[in-house]
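Chain identifiers are assigned alphabetically (A, B, ...) following the order of the sequence lines, protein sequences preceding nucleic acid strands; residue numbering begins at 1 within each chain. All values below were derived from every heavy atom in this structure, side-chain atoms included, with hydrogens, water molecules and symmetry-related copies excluded.
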Amino acid sequence: MKKFHTIIQKQLLRWYDANKRDMPWRQTNDAYKIWLSEIILQQTRVEQGLPYYNKFVNKYKNVKAFANANESEILKLWQGLGYYSRARNMHAAAHQVVEWHNGIFPANYDELLKLKGVGEYTASAIASIAYGLPHAVCDGNVFRVLSRLNANDTPINSTEGKKVFFHLAQSLLNHQFPSQHNQAMMELGALVCKPTNPLCGQCPINTFCVAHQKNTIDKFPVKSKKQKSTVIYLHYFVFEYKGHTYMQTRKGKGIWQGLHDFPHVEYTGKEISPEQSIQRIQHTLAIGKMDVIKISQEYKHILTHRIIIAKFIQCTLHKPIDTKKYSLIKIKKAEINKLSLPRLIEKYYIKELQ
DNA sequence: AATACGGGGTC
DNA sequence: GACCCAGTATT
């Protein structure tokens, strides 16, 4: 296999030069911008991430500006992109770069790896793309390309698979052009070696592809498990008292950490009646008398391992809630959209409150 | 070694 | 409905 590597590398680069998409982060070597694009594109399609990249690059010109921003401002800009820990980790990483490296991203894989939110993939990507260092990337695209190229059935989501494919990626790396090689592998996975209906006829390395030769492309890559999702029932309370409502910042471990939503009652597995949740919330927040104005339609919100069935219950209060005691934010309805919101809340806001 | 963590697109 | 996406941190 080894002796074919040079030919594969060449075909790959030739194909990449002719077929690469024009992306803003391909017009720069600025490690800050490469970092920005790489974090944004984690588990995110290019089309979805692109507008966010442009927003961030325009708002924060360099890592110092990013570090000096408010985290709430960053989260608001990140709203809708998902995996919000990325935004919080970026803020921390920006501080690390400023404090440890005087505002310059280190041209060193091990140092990059120490930054919050930067794992093996991103460290390799920054090292190779921004600094031309010989570190192969292994993302979802590369896993797929390599598993087919070698007809290797090691599950790509296993610890063993990770080791195997990282090694394969590194051994195939073009040390003369690490940046272009890495991007070519990913671009090939995205445009040609697609999960379903790959365009093997257009593949520049199909003559080397074992799975293609054996006509077993659809058997690769192998994944070991499927994640199942649980159903969550959520009743959100949109209170109204003298023109304002109440929201809260999500803390702790769960989803949407750092984002804002309404006080709510949550049930896992079995459905809860509005009457039950109304009683509960009245007790929890010491609300006393209130009038239920409207119960919304069901909002179905799909996350990776959760199906959320939500209803929004609008109520008029007779007295205010103790915001300090219950860590609530008193806010006018028109101002809600200034806070960072989960998509579910944003969709309700757009439909019912805007 | 598994699991949690979003949202949107495709088939 | 199942799978996937320029993955990482935590358990």
Quick one about [Y] and [X] (side-chain donor to acceptor, distance below 3.5 Å, no hydrogens or angles considered), yes or no?
X	Y	result
A:His135	A:Asn182	no
A:Gln42	A:Thr122	yes
A:Thr316	A:Asp291	no

Counting the atoms with a prime plus P, OP1 and OP2 as sugar-phosphate, which does [X] contact under 4.0 Å by heavy atoms, base, sugar-phosphate, or nothing?
X	answer
A:Ser158	nothing
A:Gly80	sugar-phosphate
A:Arg306	sugar-phosphate
A:Lys162	nothing
A:Gly254	sugar-phosphate
A:Glu120	sugar-phosphate

Hey, are the side chains of [X] and [Y] touching, using non-hydrogen atoms and a 4.5 Å cut-off?
X	Y	answer
A:Ile255	A:Arg250	yes
A:Cys200	A:Arg148	no
A:Tyr53	A:Lys33	yes

Nucleotide [N], atom [atom2] - distance to [atom1] of [X] in whole Å:
X	N	atom1	atom2	result
A:Met186	C:dC5	CE	P	13 Å
A:Trp78	C:dT8	CH2	C1'	12 Å
A:His305	C:dG1	NE2	C1'	18 Å
A:Leu81	C:dA6	CG	P	13 Å
A:Ile302	C:dC3	CD1	C1'	14 Å
A:Leu112	C:dT8	CG	P	12 Å
A:Tyr52	C:dC5	OH	C1'	15 Å

N-O pairing of A:Arg88 and A:Glu71 below 4.0 Å: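 Salt bridge flag = no for A:Glu71 with A:Arg88.
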Decide, yes or no, whether a salt bridge links A:Glu335 with A:Lys338 under the criterion of side-chain N to carboxylate O below 4.0 Å.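 Salt bridge present between A:Glu335 and A:Lys338.
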Quick one: which protein N/O atoms are closer than 3.5 Å to N/O atoms of nucleotides 9-11 of chain C? Pair and distance per line, please.
from, atom 1, to, atom 2, distance (Å)
C:dA9, OP1, A:Gly117, N, 2.5
C:dT11, OP1, A:Lys253, NZ, 2.4

Say we look at [N] and [M]: how far apart would their [atom1] atoms be, to the nearest angstrom?
N	M	atom1	result
B:dA1	C:dC5	C1'	23 Å
B:dT3	C:dA6	P	25 Å
C:dT8	B:dG9	P	24 Å
C:dC3	B:dG6	C1'	15 Å

A:Glu352 pairs by side-chain hydrogen bond (donor to acceptor under 3.5 Å, both in side chains) with which of A:Lys347, A:Lys294, A:Gln314, A:Gln297?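 Only match with A:Glu352 under side-chain hydrogen bond (donor to acceptor under 3.5 Å, both in side chains): A:Lys294.
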N/O donor to acceptor pairs below 3.5 angstrom from side-chain atoms of residues 60-68 of chain A, sequence neighbours left out:
from, atom 1, to, atom 2, distance (Å)
A:Tyr60, OH, A:Glu73, OE1, 2.8
A:Lys61, NZ, A:Asn58, O, 3.4
A:Asn62, OD1, A:Lys64, N, 3.1
A:Asn62, OD1, A:Ala65, N, 2.8
A:Asn68, ND2, A:Lys64, O, 3.2

Could you tell me which non-hydrogen atom of [X] sits nearest to which non-hydrogen atom of [Y], and how far apart they are?
X	Y	result
A:Cys138	A:Ala169	SG-CB, 4.3 Å
A:Ala310	A:Leu344	CB-CD2, 3.9 Å
A:Pro178	A:Ser128	CB-CB, 4.1 Å

Counting only heavy atoms and a strict 4.0 angstrom limit, can you tell me which residues of residues 25-36 of chain A come near DNA chain B?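 Result for residues 25-36 of chain A: none.
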Please work out which residues in residues 40-48 of chain A have a non-hydrogen atom less than 4.0 Å from an atom of DNA chain B and list them by number.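 Correct list: A:Gln43, A:Thr44, A:Arg45, A:Gln48.
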In terms of the nearest nucleotide of DNA chain B, which residue is placed more toward the 5' end: A:Asn157 or A:Ser85?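 Its nucleotide being nearer the 5' end, the pick is A:Asn157.
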Between A:Ile255 and A:Asn197, who's closer to the 5' end of DNA chain B by nearest nucleotide?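 Nearer the 5' end of the strand: A:Ile255.
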Does A:Lys223 put a side-chain nitrogen or oxygen below 4.0 Å from OP1 or OP2 of C:dC4?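 Yes, such a contact exists.
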Span of DNA chain B, from the first to the last nucleotide whose atoms fall under 4.0 Å of chain A heavy atoms: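 Nucleotide range in contact with chain A: B:dA1 to B:dC11.
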Check the hydrophobic clustering (I, L, V, M, F, W, Y; side-chain heavy atoms under 4.5 Å; chains of links allowed) and say if A:Ile34 and A:Leu50 are grouped together.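 Linked within one cluster.
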Return yes when atom NE2 of A:His167 has more than 12 non-hydrogen atoms of other residues, nucleotides or ligands closer than 6.0 Å, and no otherwise.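 Not buried by this count: 12 neighbours or fewer within 6.0 Å.
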Parallel, tilted or perpendicular: rings of A:His244 and A:Tyr241 (30°, 60°):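 It falls in the perpendicular class, over 60°.
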Using 30° and 60° as the class boundaries, would you call the ring planes of A:Phe312 and A:Tyr236 parallel, tilted or perpendicular?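 Ring orientation of A:Phe312 relative to A:Tyr236: parallel.
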Hey, can you pull the residues of residues 127-144 of chain A with a non-hydrogen atom under 4.0 angstrom from DNA chain C?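 Heavy-atom contacts with DNA chain C come from A:Asp139, A:Gly140, A:Asn141, A:Arg144.
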Derivation of the side chain to side chain donor-acceptor pair (under 3.5 Å) call for A:Glu187 and A:Asn141: CA-CA 8 Å; A:Glu187 194 78 332; A:Asn141 292 306; over 6 Å; no
